[in-house]
Amino acid sequence: MAIETGKTTKEMLAALQRGDFTSEALTRACLDEIRERDEALGAFLSIDEAEALAAARETDRKRAAGEPLGSLAGVPIAIKDNINITGRKTTCASKILEAFVSPYDASVIAKLREADAILIGKTNMDEFAMGSSTEFSGLQKTRNPVDPERVPGGSSGGSTAAVGADLVPLALGSSTGGSIRQPAAFCGVTGLKPTYGRVSRFGLVAYGSSLDQIGPIARDVDGVARLFQVIAGHCERDSTSARVATADVLADLETPPAGLKVGLPVEFSSGDVQPEIKAAMAKLVARLEEAGAEIVEVSLPHTEYAIPAYYLLATAEASSNLARFDGVRYTHRTADAANLRDMYVRSRSEGFGIEVKRRILLGTYCLSSGYYEGYYLNAQRVRTKIIEDYRAAFAKVDVLLAPTTPTTAFPFGDRTDDPMSMYLSDIFTVTANLAGIPAMSLPYGADGDGLPIGLQLMGNHFQEAHLLRTARLVETLRD
Ligand code: GLN
């Protein structure tokens, strides 16, 4: 009998435990699905077949021998290709890193190994995580699993497409301004951007270091919670890692939070939001009220400055983070260079794609003397105002509810020629990264074309347990 790869993590764990099938058989089933369907989808950049099968056999052996097993024992997972795995390529979907092989494991990968998860392969993304559609991958095209003529969102589009297409039950993504929630919304899956500092960034290729977080992607809230539980926690190797204990997010996941107060930020409902997304919001609000939640309107008055501030700060940080890719180490080196300077210039010009170059130029400009105060420093001031907006909101409510995106998945080529329109796809997601708060997207219905709608919940710093319980409640209030 063929194994159904569309099961949730919880169902897979139960089936493995009951002995319905082995992890080896499950891993083979996922690999078969990938072989059959991923050529059209384009979610994966590389597959680690031999290692995945060996790891699966090892968990089967441990299970048979009655040895202790990790919490994700035998479950396949896909990894975004900006997260390092020993002996595996980390391309960041860039030509400049196409041949780079990582000599070490990211901390999240070490934790996944301890949890006995099966690392299946690496997923496509916008180059260096810069983009909102995965169209800026320097290596391949990824299609939306619901409609192949549309983008999967980005930058973690390979990871969300892999889960959305039922190739794997779990994936890791990373978010600097929305790269987990936005593609999760477009692909009809669930994703969480944790609190800044909650998950180690050691081994994640840096984009905007003050904003970056690795986070879980799954078919449902339970899967997200299980994966979050494994990857969260303090890490000695990341100086920005928080020393805040992680609660057991699974313990009360099924218990709806009592006396729930949900805030609706007025700034997130004004402007151009697709009518079907507005309708989905209204439906959920009504159901939350019926379920006993109190709904309160709140204001985050500095939201209108979030996109400009984000694209100044993220590009400023990116311009210095990407300086290390210079043709000397790690990367592509030009074949013909007249001298050292020429070697740097040619290697970088040949290796980086258009969007990455645009970001480096923007970031360098806004950090340069004469412009630094006007751009970078003011963007930092706006960031502080946004943090204060959220602090004031969370004094009144427990969680905030908003659309994840203003529209559902758009067609290929729709926004690639107009950077501003691409940047605006992140309008509802960047503020959580700027404020450092946890935020998630979960599917809530579909539009007239059957494209998934994602709604977003935001929580206060380090309140992932509460956020996930609220998300679980929302899941039960779906059609
Ligand atoms: N789309 C946003 C950007 O291009 C966010 C990307 C991300 O979160 N990595 O910067």
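For ligands, and for the atoms within them, numbers begin at 1 and follow the listed sequence. Nothing here was measured: the structure is a model prediction, and the numbers come from that model.
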Considering the heavy atoms of [X], write down every atom of ligand 1 situated less than 4.0 Å from one of them.
X: Gly177; value: 5 (C), 7 (C), 8 (O)
X: Met130; value: 4 (O)
X: Tyr310; value: 2 (C), 3 (C), 5 (C), 6 (C), 10 (O)
X: Ala129; value: 6 (C), 7 (C), 9 (N)
X: Ser175; value: 8 (O)
X: Gly131; value: 1 (N), 2 (C), 3 (C), 4 (O), 6 (C)
X: Ser155; value: 9 (N)

Is it the side chain (CB and beyond), the backbone, both or neither of [X] that lies under 4.0 Å from ligand 1, heavy atoms counted?
X: Thr176; value: both
X: Ser179; value: both
X: Arg359; value: side chain

His461 and Thr195: side chain donor to acceptor below 3.5 Å: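 Thr195 and His461 do not have a side-chain donor-acceptor pair below 3.5 Å.
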message: Let me confirm one number: the NZ-OG distance from Lys80 to Ser179, rounded to the nearest 0.5 Å.
response: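 That separation rounds to 4.5 Å.
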query: Where do Arg472 and Glu475 land on the salt bridge (charged side-chain N to carboxylate O under 4.0 Å, His left out) test, with the steps shown first?
result: CA-CA 5 Å; Arg472 179 69 194 114; Glu475 217 170 36; 2.7 Å; yes
field: Ring centroid separation Tyr423 to Tyr311 under 6.0 Å
entry: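 So the answer is yes for these two rings.
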message: Can you confirm whether Tyr305 is buried at OH, in the sense that more than 12 heavy atoms of other residues, nucleotides or ligands lie under 6.0 Å from that atom?
response: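 Atom OH in Tyr305 is not crowded, with 12 or fewer foreign heavy atoms closer than 6.0 Å.
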- prompt: Less than 3.5 Å between some nitrogen or oxygen of Asp426 and one of ligand 1, yes or no?
  reply: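 Yes, Asp426 has an N/O under 3.5 Å of an N/O on ligand 1.
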field: Proximal candidate to atom 10 (O) of ligand 1 [heavy atom criterion; set Phe128, Tyr311, Tyr207]
entry: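 Considering heavy atoms of Phe128, Tyr311, Tyr207, the nearest to atom 10 (O) of ligand 1 sits in Tyr207.
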- prompt: Mind checking whether Leu477 and Leu284 have side chains closer than 4.5 Å, heavy atoms only?
  reply: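 The answer is yes; the side chains approach within 4.5 Å.
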- prompt: Only one of Gln213, Arg181, Lys193 forms a side chain to side chain donor-acceptor pair (under 3.5 Å) with Asn433, so which one is it?
  reply: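 Testing Asn433 for a side chain to side chain donor-acceptor pair (under 3.5 Å) against Gln213, Arg181, Lys193 leaves exactly one candidate, Arg181.
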- prompt: Which heavy atom of Gly448 sits nearest a heavy atom of Glu276, and at what distance?
  reply: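 Scanning both residues completely, I find the closest heavy atoms to be N-OE2, 2.7 Å.
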